[in-house]
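Below, chain A is the first sequence line, B the second, and so on; all start at residue 1. Note that these values count all heavy atoms, side chains included, but never hydrogens, waters or copies made by symmetry.
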Number of protein chains: 2
Amino acid sequence: ALAASAALSSPLLAQAKPEETAALRDAALTDTVAWDITEGLTTEIGPRLAGSDAEARARDWAVARLKALGFSNVRIEPFEVPYWERGEASAAIVAPYPQPLVLTALGNSAATPTKGLTAEVIGFDSLDSLKAADPAAVKGKIVFLTHRMAVTQDGSHYGTVGKVRREGPSVASKLGAAAILIRSIGTDHHRAPHTGSQSWSDGAQPIPALALANPDADQLERVLKRGKPVTVALKATARMAGKRLSGNVIAEVPGRDPDAGIVLVGGHLDSWDQGTGAIDDAAGVAITTAAAKRIMDAGQPLRTIRVVWFGSEEIGLFGGAAYREKHKGEKHHLLAESDFGADRIWRFQTSVAEAALPAMKPLAAALAPLGIQLAPRNGDASGSDISEIQKLGIPVIELGQDGTRYFDLHHTPDDTLDKVDPVQLRQNVAAWTALLSVTANDPTDYGPVPPGAH
Amino acid sequence: ALAASAALSSPLLAQAKPEETAALRDAALTDTVAWDITEGLTTEIGPRLAGSDAEARARDWAVARLKALGFSNVRIEPFEVPYWERGEASAAIVAPYPQPLVLTALGNSAATPTKGLTAEVIGFDSLDSLKAADPAAVKGKIVFLTHRMAVTQDGSHYGTVGKVRREGPSVASKLGAAAILIRSIGTDHHRAPHTGSQSWSDGAQPIPALALANPDADQLERVLKRGKPVTVALKATARMAGKRLSGNVIAEVPGRDPDAGIVLVGGHLDSWDQGTGAIDDAAGVAITTAAAKRIMDAGQPLRTIRVVWFGSEEIGLFGGAAYREKHKGEKHHLLAESDFGADRIWRFQTSVAEAALPAMKPLAAALAPLGIQLAPRNGDASGSDISEIQKLGIPVIELGQDGTRYFDLHHTPDDTLDKVDPVQLRQNVAAWTALLSVTANDPTDYGPVPPGAH
Ligand SMILES: [Zn+2]
Ligand SMILES: [Zn+2]
Ligand SMILES: [Zn+2]
Ligand SMILES: [Zn+2]
């Protein structure tokens, strides 16, 4: 009985006391570090396209800032990426009702011929109806996909409509389309088209692939419904431009026990080039870094906290894959990423061993005062960059922001600093501080997570 | 006594019975004509820049639609306008933090040299501080004006900040500035710059004059506040391109008494070219036309109703001036214009003879059930195009829409059909129907209005 009691009390001694976690959490509600990082990165660097000179400047900026904040082992881990440039895009309805349309290229879009291309438009209301189309009806035409995105608190409709963006261009290309226009994957009503990644599946010849702003998609749909043939002229100069250097920026808070495994937190440093990447994802690196600094300043944690500002997430999770290859031999205790803006966190999800679920209770207790509930189902937690690392079977906890307005802004020119609410940003820092206080000091193992559990 | 009674009863007989006005007003709450015009004009024509081919197509569209609706004397009254083309505009901060800025040219802006111009930025927080500047400090620089617009229900702050747009470029030019950037005259937080008219005062050499989107103005302000010299590169291809034909489109509901004077209602057919001019001002011509049709269909009114879709309002009230010159010899009973979007009408203002104020009571009674109050002060009613005609001393009644979100959209690419709320649009038609039912049948003279009364 004595021996058993000692075995139990040893981990308990390592755990953060609930009142210490609560004090750290509440102090974080006055945080200024996250705002300063978000403001600084979006102002002094601005847009940070994967592989661009701006992304390289952002890495240097990150290194300087992380060192100034007092982190250890601050470094850049470089890797190469294919470099895609957006160039310019313009379009106009030529007939029956001449007028311009606002649109932008999707990642990996091809250019039009220099003088542009003009073709008839054929509309489809879903990816499935495009897949079922007669190639003879599509050949040489401009395909237009008119799906609509629903507003949800958890952003779950992105999974469904995001597929249209990711797969539609390859399907259209294989059917012989001259180009493809998709309705923006977004919930707003602004002339701000939503870009995003797509890649060409095997055998699909790259064609111009662009997203119309939602009011322009509405307009083209109304024009098509008039029943007359609709001709559109397109110009796009998007192009692949060789290989460029990208990189992950890493900083650490060394733990008392180097063998206890790493708690990895972070977000991505790169952004699409249309906005300044404030909500996607300057806020994410800022929130996680500010929380890690608070834990560092409160005394050395049991486990090492590793903060990663991933590079080249937007164009295909290159930073996550590079990290996995380089660090797959190291012991990771937990992964947690912030890449869904900075509005209020309302729930947290887990992808941990079933046996570790009781260990989530202290975290749930620490997050509850912030209005954050544990989601009932284990296995749903993930992240964008960390999805690559998660494949190794490492536990994940996901703090979920309210996504009600996220897809109004996501991947548009409107992703700018004014969209970050400082009050909600501080609630995020408080939640992440609580997460780190509990998990970096908890000797309980949260794994192993069975393959395919998330 | 008998004679006096007859003199009184004759006007009373001509007046619309309150219950008839109420029935017409309430029936208008199911109107479809205003939506059809707004939808049709913005979809089938789209942007309608003054003097452009699109504005000419819009006039033909208007004639066909007004004839189809059954109006009399449908015609185009042409006039010439100076034609200004927006061209393209791009800008970037070159130093210290390289990144693009979103902006657009103001009306009558000059172009930059073909290769662009690069200069240091000098910021001013008001037109007055620019006016007080040392020319040596401004010479060769890019002036940046950072005023902010307040949200108001009545849009009254437009008068104050609109002056910055209208006068700032001439002041900057006279001080030797290479170019001027103003913060958009608007209340939104989108990458959608607000264009608008400005004209060069005597002795002011045209220079590039552009409006930054509000997030970009925020950004440039933040960068300037860092205290380092800020250099911006600009390119703009805006240009004056000779004279073009514009015109007013006119339609009538002939009154029973051709000598009773005209009730003129309308809005403007032209729009800025960035959006499709839905709230500014397809909705205005649509609302007034739909109301006039309802009166026409209910039986011949006492006075002739003349519906005017003015041309070339945006570039300097050319349609209003052309109308005044052509029609100044005709008797006008009343002028009323809709050019403030299509959100709920909440008040009405008057510019009538003091003696005519009692005659406003039946109108106030007819509008009250729609939630519309008579503004306490006489003399404030006006309108954009009709301001030119109002100078002749003709009475004006102004139905005021709620302007809370108007300047989020005004003169931006975001002025598109989705911004028109069909329910509020119908409330507008109901209010205008009540206005016409009362005033086109009221034998009371509302004038004369003393000069300078508004
Ligand atoms: Zn992201
Ligand atoms: Zn993203
Ligand atoms: Zn207007
Ligand atoms: Zn206007």
Side-chain angles (χ1 to χ4, degrees), chain A residues 39-49 52-54 57-58 61 86 88 90 92-93 95-102 188-193 213-226 228 230 271 273-278 408-409 412-420, chain B residues 39-49 52-54 57-58 61 86 88 90 92-93 95-102 188-193 213-226 228 271 273-278 408-409 412-421:
Chain A
E39 195 265 1
L41 191 55
T42 57
T43 302
E44 298 178 9
I45 307 295
R48 306 172 296 282
L49 184 65
S52 68
D53 293 346
R57 286 197 302 273
W61 189 98
R86 175 174 313 285
E88 304 291 326
S90 61
I93 299 174
Y97 309 127
Q99 58 188 290
L101 294 170
V102 174
D188 62 297
H189 300 278
H190 294 288
R191 306 293 288 283
N214 285 335
D216 298 81
D218 289 342
Q219 184 81 327
L220 186 54
E221 218 177 322
R222 274 193 297 271
V223 169
L224 278 168
K225 279 190 183 145
R226 256 72 173 169
K228 298 177 189 168
V230 176
S271 76
D273 49 328
Q274 298 201 108
T276 61
D408 288 352
L409 304 168
T412 73
D414 268 333
D415 180 2
T416 48
L417 181 64
D418 49 295
K419 309 312 183 303
V420 177
Chain B
E39 195 266 1
L41 191 56
T42 58
T43 302
E44 298 178 9
I45 306 297
R48 305 173 297 283
L49 183 66
S52 67
D53 293 346
R57 287 196 302 275
W61 189 97
R86 176 174 313 283
E88 303 292 325
S90 61
I93 299 173
Y97 309 127
Q99 58 188 286
L101 295 170
V102 174
D188 63 297
H189 300 278
H190 294 287
R191 305 293 289 283
N214 286 334
D216 299 82
D218 289 342
Q219 184 81 327
L220 187 54
E221 217 176 323
R222 274 192 298 271
V223 170
L224 278 169
K225 279 189 183 147
R226 256 76 172 167
K228 298 176 189 168
S271 76
D273 50 328
Q274 297 201 110
T276 60
D408 287 353
L409 306 167
T412 74
D414 268 334
D415 180 2
T416 49
L417 181 63
D418 49 296
K419 309 312 182 305
V420 176
D421 173 356

Write down the atom of B:P413, the atom of B:A192, and the distance for their closest heavy-atom approach.
CD-CB, 3.9 Å

For each of B:D418, B:V102, B:T416, tally heavy-atom pairs with chain A at distances under 4.5 Å, and name the one with the top tally.
B:D418

As an exercise: rank B:D218, B:L409, B:L417, B:D53 by heavy-atom pairs under 4.5 Å with chain A and give me the winner.
B:L417

Does the side chain to side chain contact (heavy atoms under 4.5 Å, CB included) test come out yes or no for A:I93 and A:L101, once each step is laid out?
CA-CA 7 Å; A:I93 299 174; A:L101 294 170; 3.8 Å; yes

Name the member of A:P100, A:G275, A:P215 that forms the most heavy-atom pairs with chain B at distances under 4.5 Å.
A:P215

Could you please spell out the steps behind the side chain to side chain contact (heavy atoms under 4.5 Å, CB included) verdict for B:H190 and B:T412?
CA-CA 10 Å; B:H190 294 287; B:T412 74; over 6 Å; no

Please classify the contact of B:T43 with chain A as side chain, backbone, both or neither, using a heavy-atom distance under 4.5 Å.
both

Nearest 0.5 Å please: distance from the CG atom of A:D273 over to the OG atom of A:S52.
8.0 Å

Okay, B:D414 and chain A: the region with an atom under 4.5 Å from a heavy atom over there is both

Do A:E44 and B:K228 meet the salt-bridge criterion of a basic N to acidic O distance under 4.0 Å?
no

Less than 4.5 Å to any heavy atom of chain A: does that hold for the side chain of B:P98, its backbone, both, or neither?
both

Leading residue by heavy atom contact count with chain A [cutoff under 4.5 Å; candidates B:K419, B:R191, B:Q274]
B:R191

Taken to the nearest 0.5 Å, the spacing of B:I45 CD1 from B:T276 OG1 works out to 11.5 Å

Given a strict heavy-atom distance threshold of 4.5 Å, which part of A:T42 is in contact with chain B: side chain, backbone, both, or neither?
backbone

